[in-house]
Amino acid sequence: MSIFTLQSVKKDFGIKEILKDASFSLDATDKVGLIGTNGSGKSTLLKIIAGLESIDSGSLMVNSGARIVYLPQQPDLDESKTVLEQIFADSGEQMALVREYEDISDRLAHTTGEESDRLMSRLSKLIQQMDATGAWELETNAKIILSKLGIHDFHAQVGTLSGGYRKRIALASALMAEPDVLLMDEPTNHLDALSVEWLQTYLNRFRGAIFLITHDRYFLDKVTNRIIEIDRGDLYTYDGNYSYYLEKKALAEESVISSQKKHQGVLRRELEWLKRGPKARSTKQKARIDRIHEMQDREFKQTQGKVDISNPTRRIGKKVIELNQITKGYEERTLIKDFTYTFNPEDRIGIIGGNGAGKSTLLDIITQRIQPDAGTVEIGSTIHMGYFDQHSEPLLAALNENQRVINYIKEVGEYLKIADGTQITASQMLERFLFPGSQQYAPIHKLSGGEKRRLFLLRVLMSTPNVLLLDEPTNDLDVQTLAVLEEYIEDFNGCAIVVSHDRYFLDRTVNTIFEIEPDGNVRQYPGNYAVYLDFKQAEAAKIAETANTQPSKSKAEPQKPKATTPANNGKPRKLSSKEKRELETLETKIPELEAEKAEIEHTIYHQPPAGYTKLQELTEKLQDLDREIERSTERWLELAEIASN
């Protein structure tokens, strides 16, 4: 059964035709991924379906009674509400009961006498109503979803939170609404890898239809069963996930090229016949001449999405960047602790970690935007850095919005010299970045958010860096641009350092992973993100085996990147008596902590307490346990490695 249907929809913004003759429908079981280059009209199409954007002609028919929830890239939230109040803003009677329950519970703590008795009487009735309407489950589910998305302060005021946290609150609200159709514009932006994995699993179980825009190709592969591509106003449907789309797209492009070559061959022969000057003495000859004119007028849509980034050259010396015992923290929290690393010209580094772990801080230290609290940063004399900042919007916003696109690029350089010695003009590079001539002379304010990000990336690359730093480059960039950016990094003649939560992008671009841990340690893993996951899984399996069986130290060493251990006079260091006792204590302590954690998780997810206060206490206890297990495990690994020498 179709939930909504578009028929011959047209949409034109004057300088760009967004939809020419768009027709498609969404069924109740569809999970559709919408892809296309930035500025192609993906977000506009979602807004049309959500009823927020008008159409020039055609029709949009929505099944009566169907509930559609739209999650935009920049959600508009009530800044005066708390996180929970925002989540339950559209939950009707159930939320009213929850809010009243919370209010009375708070007042009871400061009330005595008759007023206390009256409140207790009302509280008793509320509990019965909440049991009857399932309000307890509503509140518990909301807190679980928020926790999975990295939000633990449920009473924080929305106005005090960053844009990333607001997006997660809006996402939680959309999931809690359980609509017939979820329209989501870049739902994975601002989520770390664990949250993306959880959302992926959640949407796989979602019983309604999904229509989403995302640059995360693993996410598209796992969640969608249909891909719709928007290309210069036309829609193309592929009945499968992203991998299926790539396969069929390649075949379709080959077919178009073959048809175009065949067309050109036939037209060439026909034109040769026409040059011989045949007279239209018969109806057949006249029809043949008319057909030749029609063939001359036929246009083939050229392949789009191949953003050609030519790799410029700039000499890079042996000394790139040296970090020596870097430490950086804010207030009482240490983000980076005693980190030392010497970057090489061929390095491809991926930096990962939870939200707020210090990933962007590390890049800012490397680029010397901020100074470390301790340690030194040394930059080689030949180094020229190109920094694609995830917070590029303020830089673009600070520009003259009436500045022409091409002038913004020419500020960096009129020409770009590439490896084969040839020069490419700024206009040619803009063409390769899918900015046609008509758009190059348009003011920047005419560009979409994604197009501005692509323009900023081009400006960074036009500066011919030999050290490239990319902070969340996949946010708001389309999949076509990302694919070619990955090829650019692969051939890049210099050092590349990437902060990203995009698993696909990290697998394609890096050969070393830096993980910033909660205590500020930066742990190194050889290989891309998939190899890193293998390390973590093997490590977790070893820890679980140790916790269950407590094997001897010689068998307990987990598989992990080999660390160097200080030596004394060339001999491996041995554990002191105090360290031996500490190791034995940890071997008993870690299983106990894991068991306590499992018990609390079972309570939260399967037997949640009735009141918010108790649930909050359990959630905070769980967070404390996670931190303690992390610290204890790290110390156990360190001591176990020394003991095995």
Side-chain angles (χ1 to χ4, degrees), residues 192-194 196 320-329 333-370 372-379 383 385-390 467-475 486 489-490 492 494-540 558-564 630-631 633-634 637-638:
D192 58 29
L194 290 177
V196 171
V320 182
I321 302 167
E322 294 180 1
L323 305 181
N324 184 34
Q325 294 183 317
I326 295 299
T327 295
K328 183 65 180 179
R333 186 184 172 200
T334 300
L335 296 178
I336 310 294
K337 183 172 68 177
D338 197 24
F339 178 51
T340 297
Y341 187 79
T342 300
F343 291 90
N344 297 314
E346 301 84 16
D347 269 347
R348 300 289 186 271
I349 306 293
I351 302 175
I352 63 173
N355 288 308
K359 303 183 293 295
S360 296
T361 299
L362 182 54
L363 288 191
D364 285 340
I365 290 174
I366 292 171
T367 56
Q368 298 185 312
R369 289 187 177 185
I370 61 175
D373 299 332
T376 59
V377 180
E378 295 183 21
I379 309 295
I383 298 306
M385 296 188 191
Y387 191 3
F388 184 60
D389 189 345
Q390 68 165 312
V467 173
L468 184 61
L469 300 100
L470 304 173
D471 192 358
E472 296 291 2
T474 63
N475 284 357
E486 289 159 359
I489 294 174
E490 185 176 345
F492 180 61
C495 171
I497 307 169
V498 178
V499 170
S500 181
H501 64 272
D502 189 318
R503 301 155 293 172
Y504 194 104
F505 190 79
L506 289 173
D507 278 348
R508 282 289 310 273
T509 58
V510 307
N511 54 29
T512 302
I513 293 288
F514 288 174
E515 182 184 23
I516 302 180
E517 299 180 330
D519 60 0
N521 284 318
V522 181
R523 193 170 176 186
Q524 302 172 32
Y525 298 82
N528 60 14
Y529 189 77
V531 176
Y532 157 80
L533 285 181
D534 288 341
F535 274 123
K536 299 297 283 187
Q537 290 167 3
E539 189 174 84
Q559 296 176 7
K560 66 184 186 71
K562 192 69 176 174
T564 58
E630 184 76 22
R631 285 194 296 268
T633 302
E634 183 69 27
L637 289 170
E638 180 184 345

How many angstroms lie between [atom1] in [X] and [atom2] in [Y], if you round to the nearest 0.5 Å?
| X | Y | atom1 | atom2 | result |
| --- | --- | --- | --- | --- |
| L468 | F492 | CG | CZ | 5.0 Å |
| T361 | I366 | OG1 | CD1 | 11.0 Å |
| Q524 | F339 | CD | CZ | 5.5 Å |
| E517 | K337 | CD | NZ | 9.5 Å |
| E472 | D389 | CD | CG | 11.0 Å |
| E322 | T376 | CD | OG1 | 8.5 Å |

Check the angle between the aromatic planes of F343 and F514 and answer parallel, tilted or perpendicular using the 30° and 60° thresholds.
->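 Taking F514 first and then F343, their aromatic rings sit tilted (interplane angle of 30° to 60°).
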Do the side chains of [Y] and [X] get nearer than 4.5 Å, heavy atoms only?
| X | Y | result |
| --- | --- | --- |
| N324 | E378 | no |
| V531 | Y525 | no |
| Y341 | V522 | no |

Answer yes or no: is there a donor N or O on one side and an acceptor on the other, between the side chain of [X] and the main chain of [Y], under 3.5 Å?
| X | Y | value |
| --- | --- | --- |
| T327 | D338 | yes |
| D519 | N521 | yes |
| D364 | I370 | no |
| K359 | V498 | no |

For R508, which residues count as a side chain to side chain donor-acceptor pair (under 3.5 Å) partner, sequence neighbours excluded?
->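 E486.
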Just jot down the side chain to side chain donor-acceptor pair (under 3.5 Å) partners of Y532, sequence neighbours excluded, or say none.
->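 Scan of Y532 (side chain to side chain donor-acceptor pair (under 3.5 Å), adjacent residues dropped) gives E515.
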Between [X] and [Y], what is the shortest heavy-atom contact and its length?
| X | Y | value |
| --- | --- | --- |
| A496 | I489 | CB-CG2, 4.0 Å |
| C495 | V320 | CB-CG1, 4.3 Å |
| T342 | D347 | O-OD2, 4.2 Å |
| D471 | S360 | OD2-OG, 2.8 Å |

Steps toward side-chain contact (heavy atoms from CB on, under 4.5 Å) verdict (T509, L470) | CA-CA 11 Å; T509 58; L470 304 173; over 6 Å; no
Among all residues two or more places apart in sequence or in another chain, which pass the side-chain contact (heavy atoms from CB on, under 4.5 Å) test with [X]?
| X | value |
| --- | --- |
| N511 | R348 |
| R333 | L335 |
| A530 | D507, N528 |

Of the options I497, L363, L469, which is the one that meets M385 in a side chain to side chain contact (heavy atoms under 4.5 Å, CB included)?
->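 Running side chain to side chain contact (heavy atoms under 4.5 Å, CB included) over I497, L363, L469 with M385 returns exactly one hit, L469.
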Quick one: list whatever passes ring-ring contact (aromatic ring centres under 6.0 Å, His included) with F505, sequence neighbours left out.
->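 Result, ring-ring contact (aromatic ring centres under 6.0 Å, His included) vs F505: none returned.
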